[in-house]
Structure formats: structure tokens, C-alpha cells
Amino acid sequence: MLTLKQITSNRDEVVRRLAKKHFTRAAELIDQVIALDADRRSTQKELDSKLAAVNQLSKSIGVLMQTGKKAEAESAKAETAQYKEDSKVLSVKLDELELAIRDLLLQIPNLPQDGVPEGTGAEDNVVEKQVGAIPTFEGFEALPHWELAKKYDLIDFELGVKISGAGFPVYKGKGARLQRALINFFLDEALNAGYLEIMPPTVVNAASGYGTGQLPDKDGQMYHDAQDDLYLIPTAEVPVTNIYRDVILTDKELPIKNCAYTQCFRREAGSYGKDVRGLNRLHEFSKIEIVRIDKPEHSAASHKEMLAHVENLLAKLELPYRILRLCGGDMSFTAALCFDFETYSAAQQRWLEVSSVSNFESYQANRLKCRYKTADGKTELCHTLNGSALALPRIVATLLENNQTADGIRIPKALIPYCGFDKID
RNA sequence: GGAGAGAUGGCAGAGUGGUCGAUUGCAGCGGUCUUGAAAACCGCCGUACUGAGAGGUACCGGGGGUUCGAAUCCCUCUCUCUCCGCCA
């Protein structure tokens, strides 16, 4: 969430920038926040003075009792009664005001950076770059990955349905080995880029869900164990970023660069059609996530490095890709700047999103209370960033489809040492 | 699942009704000394809100209560640890 300071000291600026996210209630909500905040401050001032009076009286009573002036002590006791009554009323009011402000703040999305394009949906995203040739197939018709998976016995979707349900595929043989190869490849690449590998729990408590903002907004999108009130993570972002919840770092520790491979679980309620065919949208999948905690003045540079990292992965996998700068309307609630990576899937003849690299600036850190001490001793909110590097299923889909030949599926050079085979046939 | 113990500042660990926002040690920061470092010595060293500032207020796991006054007493919730049981 935004900080009170951001809102109260730059009211017009905040309203202007929120327009790009098509958040129509910006002016209304922000003016409410400002009014409530003014009330909050005057209420606290009044309350503090009442409490100070009681504290002072209490201290004097202690002294009077010790010196045996009982009558004076009793009269001082009587004097506290009115203050106590007043402060009770004021403290209830203060609590209500603080709750109301927080409730409003949670409804206000992050401010998009000025470089974010205008637009309302996916069609308005700006293609920054497109790299790699779209493959063509001579002499045979390209098969979609779900048919290739069957043909070479790599992935059994029906078996997954039997064991768990739709969206839980079973990988077999070279299909399973390809998964393992990709996980190791992505982790090694992150390691070489200076990321510290983390293996976090894949089940988190509610506090962590709130910390990164999955709760309360996306409650229905996570698998939830009601018995123990735990959630299956939708991404490693949740446990990894929550490492830094309620933490004050030193400026020397920044930027923090973490990477993690986890299984990710998503209920994907409301998905349908060609979007969910094959590997396109799963309830459980493997993903390597990169997370950074950084100083505000360096987060833009970090974001660029993360983009370069993801781009390098796609280049090494020899996949045609494009980079989209997301428009205000297509960005998530919490992002200030976001780029998507898509690979072209030749048989499906469409672009598939394989990574999303976002800078949340201080929006997520404010909720997490992730701060750092500056060189001159001030405590400031960090910036947080994350990106997929990469999610496996659509990479596998594209690899299978694009690299199919009349006599098997070719494995890209970079992956062969990890796979232990150079061809699926 | 059963029984017990506990939750205090970055960590360790005192504190059982009145200058306790909290003793002390370690870590950290600054300084003296030193060619430099270490050691020793001296000083500083929680967070948030509020206030121009001086200062004020809140916070000793969360919530509630008793009291003029609560880290300290009472209730309640949560979590952690130990032992037993079960188990990868």
C-alpha cells in the first residue's frame, strides 16, 4: 500500500498518476484519506495530552503514598477519573480512524511510473523488442505440445486427472527429465548472476499472504487448508519476500538477490477454453523466481538487470521471444512498472506469457514493513522487485512445439548437458 | 495425539505493582591509543505516531481486565520449545 506521507504530501500528483491505472475513485478515496488523517492527528494529540496528565498524576500519587500523605493521594486519585473517561473515548475514536485509513489505503493501487504506457488492456501493451525467427515446418504439420507429449509419452494429462484432477499433469521419462533439467539450468543461471538460492516452504501462513498482498484480494486463487489455516503458495515470491517482513536491513546488505525454485499452486478459478489446454494453464507447476530487495535509488537499475537476466535465458533456450511493456490498465494492482516476456508457440500460433518482471517500489515493502537504514542513519522503506526466471510449463510447450522435426524433438544446446540427451524421439 | 515449560530490544539474558522503554553481556556505530589492526578504555546504540522544537504518547507474543499506576497480577487467544507417542 501507499504510505500516508506519499498521499498527503503529493495529493494532486498521486491522483494524476493513478489515472493511468484507470482507478476512477482515486480523487475521492484520497481526499477521504487526507480528511481522516487530519482527524487522526488531532485526535491523537488530544489523547496524548490526556494520557500525559494521568501519567503525571500517577507519578505524584506514588510519591505521596511513600511520604505518607494519604489524603492528598486520594484526591489526586479522584482527579484521574475524568481524564481516564475522556481518553477511553478518544482511544476508541483513534482506533476507528486508523482502521478506516488502512482500509482505504488497501484499496488504492500502486502508482505507475511515468514510463508506463497509457492503455486499458493487453492490446495496449507496447512491444519493446522481438527477437528470434518464428519457426516454419517443411513437409509435415506442426503438432501442439499436448499431442507431442502423447506421441513421445512425455506428459500424461489423463493420469493426472485420475490422481489429482485437471491441471495436474504427470511428467514421465524424458518429460520428467526435461523438467529437472530446466529447473537446474535456471537455478545455475541465477546462481551465476549472483543470486542466493533459497529453498522455502511451499505452504505459508496468513500473515505471509497479507505481507505480499495475495490476501485479502486473491483469497480464492490460493489453495487453503482450513484445518491449519495455511495456504499453498502461488509463487515463491510469497515465502521468499516474506523473509524480509518486519525486518530492518542495513544499506550495505542491499541489493538482496534471492532465487528459489518451488512448485506453485493456483486454483485458477474461472479459467476456461484454449487458455487451459495442455500446459498452458496448470494448477501446479514449477517455477524459478528471482526476488530483489533494494534501495529506492537503485531499484530501476536492478529491474533492468533482471530483464537482461530473463532475456538471456530465452536466448540460450533459442526461443523466439518478445518483451512487452505493460500498460497501466494491464499491470497488476501492486506494480509500478512491469515487463512481460512471451515466447512464440509455433503450433498454437500464439504468444505465451512466460515471465513477468515487476518493480513494486515501496508499495509492497510498506505492507511488509521491510525497511533499511540509510548511510546517515535514517530508516526508509526498501523497494521490492521480482520476476519469473522462469516458469516451466509454457517454456516446455514452446520448446516441444518449436523444435519438432520429422524425426523427433531437438533439445537446445544449452540444455543438453542438463538433460543428458539431445533429442526426444 | 498426551504431558510440561516458555514468549522481554539484532542476539543472549535480568527484571514479579511506582522515575522500567526496561539491568547486564555480545554484536553494531563513533572516539582515544596505534604506522595499521587487535586488545584495552570512553561514548552512542529499539520502533512507531505526534510536535517547528523542547518534548509528548504507545509498544516487553496478540486481545481483554484489575489498579491512581502493569513487563510484573487476572482472563483469553496464538505461537515456540522439551519429553512421550506416531512417522519420512
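Lettering follows sequence order; numbering is per chain, from 1. All heavy atoms count here, side chains included; hydrogens, waters and symmetry mates do not.
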Query - Bracket notation of RNA chain B in which parentheses pair within the strand, [ ] cross earlier pairs, and | pairs with another strand (Watson-Crick or G-U, under 3.5 Å) - result: ((((((((.[[[..)..(.....]]].(((((.......))))).(((((....))))).[[[[[..)....]]]]])))))))....

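- Rounded to whole Å, the C1' atom of B:U50 lies 14 Å from the corresponding atom of B:A54.
- For the C1' atoms, the distance linking B:C11 with B:C45 amounts to 14 Å, nearest Å.
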Please produce a list of atom pairs where a protein N or O lies less than 3.5 Å from an N or O of nucleotides 47-49 of chain B.
residue : atom : partner  : partner atom : Å
B:U47   : OP1  : A:Lys373 : NZ           : 2.4
B:U47   : O3'  : A:Arg371 : NH1          : 3.1
B:A48   : OP1  : A:Arg371 : NH1          : 3.0
B:C49   : O3'  : A:Arg40  : NH2          : 2.3
B:C49   : O2'  : A:Arg40  : NH2          : 3.4
B:C49   : O2'  : A:Gln44  : OE1          : 2.1
B:C49   : O2'  : A:Gln44  : NE2          : 3.3
B:C49   : O2   : A:Gln44  : NE2          : 2.9

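- Going from the C1' atom of B:C73 to that of B:G18 covers 15 Å, rounded to whole Å.
- Distance noted for atom C1' between B:U67 and B:A14: 26 Å (whole Å).
- Comparing the P positions of B:A37 and B:C29 gives a spacing of 13 Å, expressed to the nearest Å.
- For A:Leu64, the side chain to side chain contact (heavy atoms under 4.5 Å, CB included) partners at least two apart in sequence or on another chain are A:Lys69, A:Glu72, A:Ala73.
- By the side-chain hydrogen bond (donor to acceptor under 3.5 Å, both in side chains) test, A:Asn110 pairs with no residue at all, sequence neighbours left out.
- With sequence neighbours excluded, the residues forming a ring pair (Phe, Tyr, Trp, His ring centres under 6.0 Å) with A:Tyr231 are A:His224, listed by chain and number.
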Query raised in the report: With the sugar-phosphate defined as primed atoms, P, OP1 and OP2, and the base as all remaining atoms, what B/S/- string results for nucleotides 59-78 of chain B, 5' to 3', for protein heavy atoms under 4.0 Å?
Result: ---------BS---------

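- With sequence neighbours excluded, no residue forms a side-chain hydrogen bond (donor to acceptor under 3.5 Å, both in side chains) with A:Glu28.
- A distance of about 11 Å separates the P atoms of B:G62 and B:U72, rounded to the whole Å.
- By the side chain to side chain contact (heavy atoms under 4.5 Å, CB included) test, A:Asp103 pairs with A:Gln107, sequence neighbours left out.
- Annotation: cation-pi geometry not satisfied between A:Lys287 and A:Tyr261 (NZ/CZ under 6.0 angstrom from ring centroid, within 45° of ring axis).
- With rounding to whole Å, A:Asp246 atom CG is found 13 Å from B:G9 atom P.
- Taking atom P in both B:G55 and B:G21, the straight-line distance is 16 Å, to the nearest Å.
- Residues passing the side chain to side chain contact (heavy atoms under 4.5 Å, CB included) test with A:Lys373 are A:Ile248, A:Thr379, sequence neighbours excluded.
- Residues meeting the side chain to side chain contact (heavy atoms under 4.5 Å, CB included) test with A:Asn312, sequence neighbours left out: A:Glu189, A:Lys316.
- Within the structure, every pair that satisfies the side-chain hydrogen bond (donor to acceptor under 3.5 Å, both in side chains) test and touches residues 1-12 of chain A, not counting sequence neighbours, is listed here: A:Thr3-A:Gln6, A:Arg11-A:Asp31.
- Residues passing the side-chain hydrogen bond (donor to acceptor under 3.5 Å, both in side chains) test with A:Glu361, sequence neighbours excluded: A:Gln113.
- Across B:G10 and B:G63, the matching C1' atoms stand 27 Å from one another, rounded to whole Å.
- Of the possible donor and acceptor atoms, none in the side chain of A:Asp156 sits under 3.5 Å from a partner among the backbone N and O of A:Val170.
- When the P atom of B:G10 is taken as reference, atom CD of A:Glu253 falls 13 Å away, rounded to whole Å.
- Taking atom CG of residue A:Leu90 and atom C1' of nucleotide B:A58, one finds them 15 Å apart after rounding to whole Å.
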